[in-house]
Amino acid sequence: MNVATSIQTDITPKGTDYDTVRCVIEALTENYRDQPSLEALARRLGQPPTQLQKVFTRWAGLSPKAFLQAVTLDHAKRLLRQEDMPLLETSIEVGLSGPGRLHDLFVTHEAMSPGEWKARGAGLTIRYGFHPSPFGTALVMVTDRGLAGLAFADPGEERASFEDMAGRWPNALYVEDSAATARYAARIFDPDRWSAEEPLRIFLIGSDFQVRVWQALLHVPLGKATTYSRIAEEIGQPTASRAVGAAVGRNPISFVVPCHRALGKSGDLTGYHWGLTRKRAILGWEAGKA
DNA sequence: CAGCAGTGTGCGA
DNA sequence: TCGCACACTGCTG
């Protein structure tokens, strides 16, 4: 299959904003001590300051300065406050993401049986496509049981992202079908189209332990965050926080299963499979929507 | 502050 | 089958 060529036709100008934004975020976070001015950033990117300000603010709903505020340690700690956090049990019984997520992406989930998991995707047809997103090119993978994969790629890295995802279920049949995946992408990244009445169907393909961790993530509302150790407690294995970290890192449906809302206990962002800058970008973007 | 144990999983030897 | 590395954390000196 020819992954690289298939992308071109899908990219709209909107997708390129993220490249600018990513550079700004990188510059801001690398030198946040120096509080780089808009001027300095603009010079670095070779763009007029007003233009830069405009693109960034349109993207984030926040000025670069406010954005920086939103990804500081202090703010992360505020996200970790537990009040208003929905209880795990109630949410699971309802089969929805819970009553506290009025402004969040609503989701129903179905998980693979252990036997299916061992088959590593055998007998499964996965349709995939690349689409622009606020966080760069997104790789969307769907099955007839729902959304199964969501990955990101920096420019030129599309093939690597695909390999990363396809390697998780090596026995599945992969069919490029961006017509089928486009409507998922459009909906996932447009908060105006998140609806409790019509939840997004997702299909969690993973080990039992992983699925429990991912389900716990689904109960973290937009504008909130949790920690690896708190998830460990929630799934009844309070000492398994490290294992939780590994499972969070294997989350196949980034963004929809909000693994970016898992932080270190100190409020550190720790890591992100698709790059720490992207984790910052998503958290900052969410701060603009919350 | 460094070092280490405890955890589930996947991967290569 | 075994050993190791992980997007971790709390306890020990």
Side-chain angles (χ1 to χ4, degrees), chain A residues 22 25-26 29-30 70-73 75-77 79-82 85 88 111-122 124 126 135-136 138-139 141 148-154 157 160-172 203-220 222 224-286:
Chain A
R22 178 166 47 84
I25 295 172
E26 263 168 20
T29 53
E30 274 165 26
V71 291
T72 54
L73 245 194
H75 189 265
K77 285 179 183 161
L79 295 187
L80 290 174
R81 284 181 316 187
Q82 230 158 356
M85 290 285 277
L88 192 58
M112 269 200 140
S113 69
E116 287 175 308
W117 167 234
K118 267 191 233 143
R120 316 270 333 204
L124 205 59
I126 296 183
F135 314 105
L139 167 58
M141 293 181 154
L150 178 51
F152 292 105
D154 286 331
E157 301 294 317
S161 280
F162 178 83
E163 297 297 336
D164 182 316
M165 294 302 290
R168 300 169 189 230
W169 316 298
N171 299 329
F203 184 36
L204 298 174
I205 311 176
S207 69
D208 176 67
F209 181 85
Q210 288 173 334
V211 169
R212 278 186 294 141
V213 169
W214 301 338
Q215 285 172 339
L217 283 174
L218 284 172
H219 305 300
V220 184
L222 177 76
K224 291 281 169 188
T226 191
T227 65
Y228 302 98
S229 59
R230 200 185 287 169
I231 294 174
E233 285 167 27
E234 279 174 9
I235 64 174
Q237 295 181 236
T239 60
S241 54
R242 184 178 190 144
V244 166
V248 170
R250 299 287 301 164
N251 167 33
I253 318 183
S254 314
F255 187 75
V256 174
V257 176
C259 53
H260 52 278
R261 294 181 202 146
L263 311 179
K265 194 160 215 180
S266 64
D268 274 349
L269 259 51
T270 56
Y272 193 67
H273 189 77
W274 307 109
L276 263 186
T277 298
R278 193 169 266 109
K279 188 171 185 172
R280 263 183 215 107
I282 295 174
L283 286 168
W285 182 86
E286 289 192 341

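Letters A, B, ... mirror the listed sequences (proteins, then strands); counts begin at 1.
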Residues of residues 243-253 of chain A with a heavy atom under 4.0 Å from any atom of DNA chain B, listed by number, are Ala243(A), Ala246(A)
Identify whether any heavy atom of [X] sits under 4.0 Å from a base atom; if not, whether one sits that close to sugar-phosphate; answer base, sugar-phosphate or nothing.
X: Ser207(A); result: sugar-phosphate
X: Tyr228(A); result: base
X: Arg212(A); result: nothing

Rounded to whole Å, please give me the gap between [atom1] in [X] and [atom2] in [N].
X: Arg168(A); N: dT9(B); atom1: CZ; atom2: P; value: 16 Å
X: Leu204(A); N: dT9(B); atom1: CG; atom2: C1'; value: 17 Å
X: Asn171(A); N: dG10(B); atom1: CG; atom2: P; value: 14 Å
X: Asp208(A); N: dT7(B); atom1: CG; atom2: C1'; value: 15 Å

Suppose you measure atom [atom1] in [N] against the same atom in [M]; what distance do you get, rounded to whole Å?
N: dG10(B); M: dT9(C); atom1: C1'; answer: 22 Å
N: dG10(C); M: dT9(B); atom1: C1'; answer: 22 Å
N: dA7(C); M: dC1(B); atom1: C1'; answer: 22 Å

Comparing nearest nucleotides in DNA chain C, the 5'-proximal residue of the pair Lys279(A), Lys265(A) is Lys279(A)
Gap separating the [atom1] atom of [X] from the [atom2] atom of [Y], nearest 0.5 angstrom:
X: Ile282(A); Y: Trp274(A); atom1: CD1; atom2: CH2; result: 11.5 Å
X: Arg22(A); Y: Asp154(A); atom1: CZ; atom2: CG; result: 4.5 Å
X: Thr227(A); Y: Leu79(A); atom1: OG1; atom2: CG; result: 12.5 Å
X: Thr226(A); Y: Lys265(A); atom1: OG1; atom2: NZ; result: 10.0 Å
X: Arg278(A); Y: Trp285(A); atom1: CZ; atom2: CH2; result: 14.0 Å

Cut-off 3.5 Å, side chains only: do Glu286(A) and His260(A) have a donor facing an acceptor? yes
Heavy-atom closest contact ([X] atom, [Y] atom, distance):
X: Ala70(A); Y: His75(A); result: O-ND1, 2.9 Å
X: Trp169(A); Y: Gly121(A); result: CB-CA, 4.1 Å
X: Asn251(A); Y: Cys259(A); result: ND2-SG, 3.2 Å

Check your understanding: Looking at Gln237(A), does any N or O in its side chain come under 4.0 Å of the phosphate oxygens OP1/OP2 on dG8(B)?
Key -> yes
Should the pair Phe255(A) and Phe135(A) be assigned to parallel (<30°), tilted (30 to 60°) or perpendicular (>60°) ring geometry?
-> tilted
In DNA chain C, stems of three or more consecutive pairs, Watson-Crick or G-U, each with both distances under 3.5 Å, turn out to be B:1-6 with C:8-13, B:8-13 with C:1-6
Side-chain (Trp214(A)) to main-chain (Arg250(A)) donor-acceptor, under 3.5 angstrom
no
**Prompt:** Under 3.5 Å, is there a donor-acceptor pair between the side chain of Arg230(A) and the main chain of Leu80(A)?
**Reply:** yes
The first and last nucleotides of DNA chain C lying within contact of chain A, meaning any atom under 4.0 Å from one of its heavy atoms, run from dC6(C) to dG10(C)
